[in-house]
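Written out below as structure tokens is the structure these notes cover.
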Amino acid sequence: MTHDDTAPVYGSAVTKVEPFGVDHIPDNERHGKPSSQFFVWFAAGLNFPIILLGFSAVGLGLSFGAAVAAIVVGAGLGSLLMAVMSRMGVRLGVPQQIQARGPLGFFGNFLPVAYINVFAGVGWAAVTVILGGKAIAELTHLPFWVCGLALTLVELVVSIYGYNMINFLQRVLTYVLTPLFVMITVVALVRGAGTFDADPKAADYVGSTGGWITFGGWFLSFLVAWAPFASDYSRYLPDSPSVVKRTAWYTGLGNFVTICWLGILGVLLGSNATSTDSITALHQLTGPFAIPALIAIGLSALAQNFLNVYGGAISVQTLKVPVTRTQAVTLICALAYVISLWGHSGTEDKFSVFLNLTAYFIAPFATVLLLDYHLGGRSDPSRIAELYDRGRVLSWGFAAWVGGVLASVPFWQSDLYTGAFASAYPHAGDLSMFVAAGASAVLYLLTYRLRPLWTRGASAADEPQPEKTAAVAGS
């Protein structure tokens, strides 16, 4: 019996464990339709905290029109970023984290991936378990630890199965969650919603311009946080011009629709909201319809955490930690669950504030990747082997990323730390992400033609696919 080398090992099988880790996906394994990206990101964006975020417009003293405009602009910029980075996955066939080895270097990529993807991925997975676990506990009257554990086990199994299973379930969850969130929308609007004018006497008023920038930036940062994972869910799609183009459109649309929908709903309800606690607010908004609303929150936690856990596991392997993808998924789920037990009793908001700081680190990271792809020639598939070349230890993109982060520090606005510029000029709003992205762009443009900062005696041919054997054997 002969073996057909062109036959896919994985293909489109939903119930087969994904055999690839951070490898380049070969042409014979490319499958799926661009529309899959709409379902992946639409389901992930059906997120009740986005509604709660919309409440903040009233506290910032914005008018209804200004708040809606800020959401549309923030969601539009974030969706554009996601669209561009998703199409990079189709073209190159490797995860976003591996792509970053190009401009930052093989080992220069370790620090941003460790913080941005692994640490923040575990943290956001924990926060999502908290929100979903609380909803299920409220619904079933079971202890939180049981509900959180149930969610975690489902995320564990699905993430071990991997790419095809996640794509399949995100489509299913889109069909299940959409009517539930439509119900939440209709009931909440009927029970109390309205427009409002600007209020300079609002508790958190920092001026009309500064408040608008800050509010829109929060919705932008929600999507910026997904950016390091964008290619992870498009890298199996066939590489053709039409697929690349349509993937970008579907990804952008899936993100834009949900962020605008739920964000504007939150703005409409903000004038009557009296609580920022997710479960309390849900009961206030939905009243006798709270049960299906709680079901929606519990299921939406799965839609988000499939991506957090799977993307985090890929990030662990990017760091060359000697574990298989299955082991990495197990580790991330265990850490997220333990943190959720610690955080569910009141530290959830503070932990979320800390994790929001990751946007200040992701913005320059994404900027360097985009510039390297479009200006640095990284869109050329013939250069994929460079991404697995240990000899490219440290490249100038790492300096551009660090420089962007450092330049943004004076502009940081957080309960954990407020920078000097932000303290002196609070009415300017939170400019941190924009400063970080701008500074990293300038530094990249000044250095990307220079020789790498540090190379050693290895070539791309020395390690063309270093992770594949371990990933296939251990998954």
Side-chain angles (χ1 to χ4, degrees), residues 41-42 44-83 181 185 188-189 193-227 252-273 276 281 352-353 355-360 362-363 366-367 408 411-415 418 421-422 425-438:
W41 298 110
F42 186 89
L46 291 175
N47 186 332
F48 189 73
I50 296 176
I51 299 177
L52 299 183
L53 191 60
F55 291 178
S56 305
V58 173
L60 289 169
L62 297 175
S63 68
F64 173 77
V68 169
I71 291 173
V72 171
V73 171
L77 291 174
S79 299
L80 178 62
L81 172 65
M82 290 292 293
F181 272 89
T185 300
L189 290 175
T195 60
F196 44 85
D197 297 322
D199 181 12
K201 297 181 180 180
D204 299 319
Y205 184 77
V206 293
S208 57
T209 301
W212 191 89
I213 291 173
T214 297
F215 187 66
W218 288 341
F219 289 88
L220 170 60
S221 66
F222 182 87
L223 293 176
V224 167
W226 283 122
L253 187 63
N255 283 289
F256 184 76
V257 170
T258 48
I259 299 300
C260 286
W261 168 18
L262 299 184
I264 293 172
L265 175 61
V267 171
L268 282 166
L269 300 171
S271 59
N272 293 321
T276 57
S352 297
V353 167
L355 291 172
N356 278 332
L357 288 173
T358 57
Y360 303 158
I362 296 174
T367 300
S408 71
F411 299 85
W412 286 10
Q413 290 188 8
S414 170
D415 290 343
T418 300
F421 180 91
Y425 304 100
H427 296 299
D430 190 349
L431 301 172
S432 307
M433 281 190 299
F434 309 105
V435 171

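You'll find the side chain of Trp41 stays beyond 4.5 Å of the side chain of Thr258, heavy atoms only. Between Leu220 and Phe434 the shortest side-chain heavy-atom distance falls below 4.5 Å.
The shortest heavy-atom contact between Gly211 and Val206 is N-CG2, 3.5 Å. Of all heavy-atom pairs between Thr185 and Trp261, the closest is OG1-NE1, 3.0 Å. Nearest heavy-atom pair, Ile50 versus Ile259, reported as atom, atom and distance to 0.1 Å: CD1-CD1, 3.3 Å. What you find for Ile213 and Asp430 is that their closest heavy atoms are CG2-O, 3.7 Å. The two residues Gln413 and Thr214 have their closest heavy-atom pair at OE1-OG1, 4.3 Å.
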For this session: Apply the test side-chain contact (heavy atoms from CB on, under 4.5 Å) to residues Trp212 and Thr209: give CA-CA distance (whole Å), side-chain angles for both, the deciding distance (0.1 Å), then the verdict.
Result: CA-CA 5 Å; Trp212 191 89; Thr209 301; 5.7 Å; no
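Taking CG of Leu269 as the reference point, atom CG of Leu52 lies at 10.0 Å (rounded to 0.5 Å). Note that the CZ atom of Phe215 and the CZ atom of Phe219 stand 4.0 Å from one another [nearest 0.5 Å].
Here Trp218 pairs with nothing under the side chain to side chain donor-acceptor pair (under 3.5 Å) rule; sequence neighbours left out. When the side-chain contact (heavy atoms from CB on, under 4.5 Å) test is applied to Phe411, the partners found at least two apart in sequence or on another chain are Phe421, Leu431, Ser432, Val435. Considering only residues two or more places apart in sequence or on other chains, Trp412 meets the side chain to side chain donor-acceptor pair (under 3.5 Å) condition with Ser408. In this structure, the ring-ring contact (aromatic ring centres under 6.0 Å, His included) partners of Phe42, at least two apart in sequence or on a different chain, are Phe38.
Residue pairs meeting the side chain to side chain donor-acceptor pair (under 3.5 Å) criterion with at least one partner in residues 44-61, sequence neighbours excluded, are Asn47-Gln304.
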Tabulate below the donor-acceptor pairs under 3.5 Å that side-chain atoms of residues 57-81 make, not counting sequence neighbours, or state none.
unit_1: Ser63; atom_1: OG; unit_2: Ala66; atom_2: N; d: 3.2
unit_1: Ser79; atom_1: OG; unit_2: Ala75; atom_2: O; d: 2.7
unit_1: Ser79; atom_1: OG; unit_2: Phe256; atom_2: N; d: 3.1

